[in-house]
Amino acid sequence: MELNVKKIGNSQGVILPKIILTQLNIEEGGKFTVSISEGKLILEPVIEIREGWAKACQRLANHPDYGKELPDFFDDDTLFDLPE
C-alpha cells in the first residue's frame, strides 16, 4: 500500500487508513513509538499497561475454574465479628 506525505500544519505526515488502525487495534488518540532501522520507518503501537484488563478480568470471571483456588473466607461466620 502506498501512502502520500501530506502537509499537516507546519509539519508533514502520513494519514493511516482506518483498516490499518483497526488491524492494530488502535483507536483515535492511540500512540506509536517511531524508530528507523536499515532505512525503514518503523511504527509500533504503544500498549498501555492496563489496556485490555477489563476484558481479561471478564474472561477470568467466566472461566469454569474461577475461584476454585480461593478459600471461602466469606463463608466463615467466625472471620468477622459483626453485630446482628
Side-chain angles (χ1 to χ4, degrees):
M1 171 185 296
E2 273 188 24
L3 301 174
N4 295 319
V5 176
K6 298 180 181 183
K7 183 170 175 62
I8 302 173
N10 290 332
S11 299
Q12 296 180 25
V14 175
I15 305 296
L16 299 175
K18 184 176 182 176
I19 191 166
I20 290 175
L21 296 172
T22 300
Q23 289 176 359
L24 294 172
N25 198 28
I26 299 292
E27 297 177 355
E28 184 175 342
K31 298 177 184 178
F32 288 90
T33 59
V34 179
S35 60
I36 297 173
S37 176
E38 298 178 16
K40 296 179 182 178
L41 178 69
I42 300 170
L43 297 175
E44 296 181 278
V46 173
I47 299 173
E48 299 294 329
I49 293 174
R50 295 183 184 198
E51 185 176 315
W53 278 21
K55 288 181 184 178
C57 289
Q58 187 62 48
R59 284 195 311 270
L60 176 63
N62 291 333
H63 192 277
D65 292 333
Y66 175 72
K68 286 188 178 177
E69 295 86 25
L70 299 175
D72 294 327
F73 288 118
F74 299 107
D75 290 341
D76 185 356
D77 292 335
T78 62
L79 185 62
F80 298 102
D81 186 15
L82 300 174
E84 299 271 340

Visitor: Excluding sequence neighbours, so at least two apart, what forms side-chain contact (heavy atoms from CB on, under 4.5 Å) with T33?
Guide: E44, V46
Visitor: Please check if atom CG in L41 has more than 12 non-hydrogen atoms from other residues, nucleotides or ligands closer than 6.0 Å.
Guide: yes
Visitor: Between the main-chain N or O of I20 and the side-chain N or O of K18, is there a donor-acceptor pair closer than 3.5 Å?
Guide: no
Visitor: If you draw a 6.0 Å radius around NZ in K7, do more than 12 non-hydrogen atoms from other residues or ligands fall strictly inside?
Guide: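 Atom NZ in K7 is crowded, with more than 12 foreign heavy atoms closer than 6.0 Å.
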Visitor: With sequence neighbours left out, what residues match L21 under side-chain contact (heavy atoms from CB on, under 4.5 Å)?
Guide: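 So L21 forms a side-chain contact (heavy atoms from CB on, under 4.5 Å) with L16, I26, F32.
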Visitor: Cluster partners of I8, using ILVMFWY side-chain heavy atoms under 4.5 angstrom, listed by chain and number?
Guide: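 Answer for I8: I15.
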Visitor: Rounded to the nearest 0.5 Å, how far apart are CG of L43 and OG of S35?
Guide: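 So the CG of L43 and the OG of S35 are separated by 8.0 Å.
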Visitor: Answer with yes or no whether the hydrophobic clustering places I36 together with I42; edges join I, L, V, M, F, W, Y residues whose side-chain heavy atoms lie under 4.5 Å apart.
Guide: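 No.
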Visitor: My understanding is that only residues two or more places apart in sequence, or in another chain, count here; which of them pass side-chain hydrogen bond (donor to acceptor under 3.5 Å, both in side chains) with Q58?
Guide: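 Result, side-chain hydrogen bond (donor to acceptor under 3.5 Å, both in side chains) vs Q58: N62.
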